[in-house]
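Before any comments, here is the structure.
Quick caveat: nothing in here was measured; it's all calculated off a predicted structure. Naming convention: chains lettered A, B, ... in sequence-line order (proteins, then strands); numbering from 1 in each chain.
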Amino acid sequence: MSETVIKVENLYKEYKLGVISHGTLYRDMQSWWAKVRGKEDPNSLISSSHGQEAEKDSFLALNDVNFEIKEGDRVGIIGKNGAGKSTLLKILSQITSPTRGTITIHGKVGSLLEVGTGFHTELTGRENIYLNGSILGMNRHEISDKLDEIVDFAGIEKHLDTPVKRYSSGMMVRLGFAVAAHLDTDILIADEVLAVGDAEFQKKALDKMGDLSTGEGRTVLFVSHNMGAVKKLCNSGIVLGKGKIDFDGSIDDCIMEYTGLSNKSEENQCYWENDGSIKDQVFTPLKMYLTDASNQPLDKIFNMSNIYVVIESEIFEIDSSFNMGVELLSNTGETIFLSRLGDYNTPKISKGKNMFYIKLPINDLNAGNYQIKLGAWLYHVRYIIQPESQPTIFFSVNDVFITEFGDDKRPGFFAPKIEWKIIN
Amino acid sequence: MSDKPITIIKPQNNLFALNIGNLWKYRDLVLMFVKRDFNTFYKQTILGPLWFIIQPLFTSAMYMVIFGRLANISTDETPQMLFYMAGIINWNYFSECFSKTSNTFVENKNLFGKIYFPRLAVPIASTLTSMIRYAIQFSLFLVFYFVFFINGTPLSLNWMIVFTPLILLYLALLSLGFGMWISALTAKYWDLKMALPFVVQLWMYATPIVYPLSLIPEKYKVLMIINPVVPAIEFFKIAWLGAGTINPYHAGLSVALAAIIIFTGIIIFNKTEKTFVDTI
């Protein structure tokens, strides 16, 4: 069943930087001459000994990448811009060659790096289906067999014999995707194709890709910046960063890793203790954690009321410009709220040990992962806690709505249970 | 699993891994490209395919005036119209295929950057498309030929005309060979793109199109060896008009040179297609 269909070993891709000019020809000759003499290319980064000049002129878009993909896997490739995702897809789709390394692929590959590649605006919809299909590697008979399905999916029956220059951009995108989605391949490689088209089309396209992989057992490689789409479509993932694989595993873990919220260090998650890195002559936080009526530290919250953030701290000096704040953020780093000492009433702090209890309005918080950050400063004077080293604790809210259909996930930060009054 | 094709992607080290079988799998694509190029050529024109005829007709007429009347260059006792037209249609075919093939990578960079298919499909398709154009222009040549024939002009038609398709095939392969060389170099050095139209024009004057090869002094004829288009043009003229000069030894060397260019052209084109997206 789950045999390896794609095996990538020690893959490198080096790009030369800079513009083509008279110097390029000189360096090309230099590299060629070195090769002829059986020496290492003086202009390559992969060489064991390279000069200063090589470092300036080239960079490694992929740096020793290794992975395996099993049959039927739906793999999301995620990473920041410039992490090497597109380069990897281009090599897998044979658009460009690797500089070093080997890829072994079992099965026919169809790649969809752009929707409607090779469309000719003067030709009709029908002619373009044949043209685009041939470019993607289908023969005439295969296209003829699938013509009705393609036309139906794209919804262009009436315009089939109209030149595509009369099409709306939406129709073009639908047609392009429809042709590619009906390719008869074992492996489908897709890059950001869902970034085009309206929301309705994006959903349709995503559903179609899901059908291809789950229904027909095809292996899918999907690159997107849309974490929602990746999460929906894929079951495993690869996180690329600066040409190397930062992480691979289940898609949920990959997204966590990518969004900077790894669950790997479970034990420290919901509890912060000062390791001595934050020291101040006015205020020093010692511990931060969540608690409820039991007064015990918590790490998961089952949507109960009376949840407090507890900050244990030491105050050495009463300074009128002192203030502190607690910020609740989503797992993607968006602030949900920021509360400051003294918002509600004048604080009564005293020298020595102070315990702050901040009651969270948590009963309406939606299921998901959250973080709480602590900040402290002297107004218009200085930070007590530097913004980049704020104590942070993580927690998750589970199972907000449990219905007879199981877990009901809602979008948004809040999931209030609101009474619907009905007047009959 | 065993029935599935296995693809191995590696840096290209073997120059001779040409993968011609892969090209055969994409033969429908070649046909689609031919159809596309032919159908879209005369879209939004009034005269449509007539343009294929107008161009050689007017060019021949112009040559008759300039080279025939004004410059008084000999056409080896053959009717001027047929002499020029024979040169023009063959030269047109070569120069068009050569220019199109040379621009393969530059003109298709968007397509090539998004999808893989054997890149050779593009120049092969344009060579085939140009054959349709050649067929139309050749028919025009036959019409004029017939008119001269009826009027009693002595035309030394001979059995060698059966080689006409071979001449066309030779020109097709030759233009592919030269074009593939230039396309591979233009992918990196755009200077060649600038030089190309100019080179094609000069090349025409270095080929016996507006003058007969017999006009070239014997001691310079040896220079014609480095222009493998010459034997094709001369052979065509011998077959249809009975007026051409072929030195079998020189022609043999030219054809050998052509074979080397075609063979190395395929190799360098094949090597370029693997990485040109990184440099273009």
Side-chain angles (χ1 to χ4, degrees), chain A residues 3 5-6 8 11-16 20 24-25 28 61 71 87 90-115 117-118 120-124 127-128 130-143 163 186-187 191, chain B residues 1-13 17 19 22 24-44 108-119 121-122 125 185-191 270-280:
Chain A
E3 284 184 70
V5 285
I6 300 179
V8 174
L11 195 70
Y12 289 88
K13 178 69 186 179
E14 182 181 336
Y15 281 109
K16 298 256 188 284
I20 305 264
T24 319
L25 189 58
D28 283 353
E71 192 174 7
T87 306
K90 276 187 176 167
I91 294 174
L92 283 169
S93 3
Q94 288 184 267
I95 290 166
T96 183
S97 281
T99 311
R100 198 175 280 192
T102 313
I103 301 173
T104 315
I105 300 174
H106 295 259
K108 202 174 163 192
V109 181
S111 64
L112 187 50
L113 302 195
E114 186 186 68
V115 167
T117 311
H120 197 292
T121 52
E122 295 289 344
L123 298 176
T124 65
E127 288 168 325
N128 268 309
Y130 279 92
L131 178 62
N132 190 227
S134 317
I135 291 176
L136 292 167
M138 288 193 263
N139 64 40
R140 271 173 300 166
H141 305 294
E142 285 169 359
I143 302 169
D186 306 305
I187 299 160
D191 185 11
Chain B
M1 203 63 170
S2 54
D3 58 322
K4 287 181 182 167
I6 295 178
T7 314
I8 293 174
I9 302 171
K10 280 194 298 193
Q12 179 149 24
N13 295 323
N19 217 347
N22 206 4
W24 180 245
K25 271 193 277 178
Y26 279 84
R27 60 191 182 277
D28 278 347
L29 176 62
V30 174
L31 286 179
M32 290 310 302
F33 277 146
V34 171
K35 228 172 132 181
R36 176 196 67 181
D37 292 344
F38 192 71
N39 282 342
T40 54
F41 181 77
Y42 53 83
K43 283 264 160 94
Q44 245 178 34
N108 293 286
K109 60 180 179 207
N110 291 329
L111 181 58
F112 286 2
K114 292 295 177 191
I115 191 89
Y116 170 76
F117 55 85
R119 308 313 191 197
V122 172
L185 295 171
T186 5
K188 194 155 190 185
Y189 307 107
W190 285 28
D191 308 52
N270 203 58
K271 190 173 151 55
T272 307
E273 74 166 39
K274 305 284 176 187
T275 52
F276 92 98
V277 278
D278 305 339
T279 50
I280 204 150

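- The CE atom of B/Met32 sits 9.0 Å away from the CZ atom of A/Arg140 when rounded to the nearest 0.5 Å.
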| message | Determine whether A/Ser97 and B/Ile9 satisfy the following criterion, side chain to side chain contact (heavy atoms under 4.5 Å, CB included), listing intermediate values before the conclusion. | response | CA-CA 7 Å; A/Ser97 281; B/Ile9 302 171; 5.7 Å; no

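- At most 12 heavy atoms of other shown residues, nucleotides or ligands fall within 6.0 angstrom of atom NZ in B/Lys35.
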| Are B/Asn39 and A/His120 close enough, and set up right, to give a side chain to side chain contact (heavy atoms under 4.5 Å, CB included), and what steps lead you there? | CA-CA 11 Å; B/Asn39 282 342; A/His120 197 292; over 6 Å; no

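- Note: B/Ile115 CD1 to A/Gln94 CD = 10.5 Å, rounded to the nearest 0.5 Å.
- For the atom pair OG1 (B/Thr40) and CG (A/Leu123), the distance works out to 6.0 Å, reported to the nearest 0.5 Å.
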Show me, pair by pair, the donor-acceptor contacts under 3.5 angstrom made by side chains of residues 131-139 of chain A, not counting sequence neighbours?
residue	atom	partner	partner atom	Å
A/Asn132	ND2	A/Thr117	O	2.6
A/Ser134	OG	A/Tyr130	O	2.5
A/Asn139	OD1	A/His141	N	3.2
A/Asn139	OD1	A/Glu142	N	3.1

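- Heavy atoms of A/Ile143 lying under 4.5 Å from chain B are absent altogether.
- Residues satisfying the salt bridge (Lys or Arg N to Asp or Glu O under 4.0 Å) test with B/Asp37, not counting sequence neighbours, are none.
- If you tally non-hydrogen atom pairs under 4.5 Å between each of A/Ile91, A/Leu11, A/Ile103 and chain B, the highest count goes to A/Ile103.
- Between A/Ile95 atom CD1 and B/Glu273 atom CD the span is 11.5 Å, to the nearest 0.5 Å.
- For chain A, the nearby part of B/Arg119 is the side chain; its heavy atoms alone come within less than 4.5 Å.
- The candidate from A/Pro163, A/Ser111, A/Gly101 with the greatest count of non-hydrogen atom pairs under 4.5 Å with chain B is A/Gly101.
- For chain A, the nearby part of B/Phe117 is the side chain; its heavy atoms alone come within less than 4.5 Å.
- When heavy atoms are compared at a cutoff of 4.5 Å, A/Ser93 approaches chain B solely by way of its backbone atoms N, CA, C and O.
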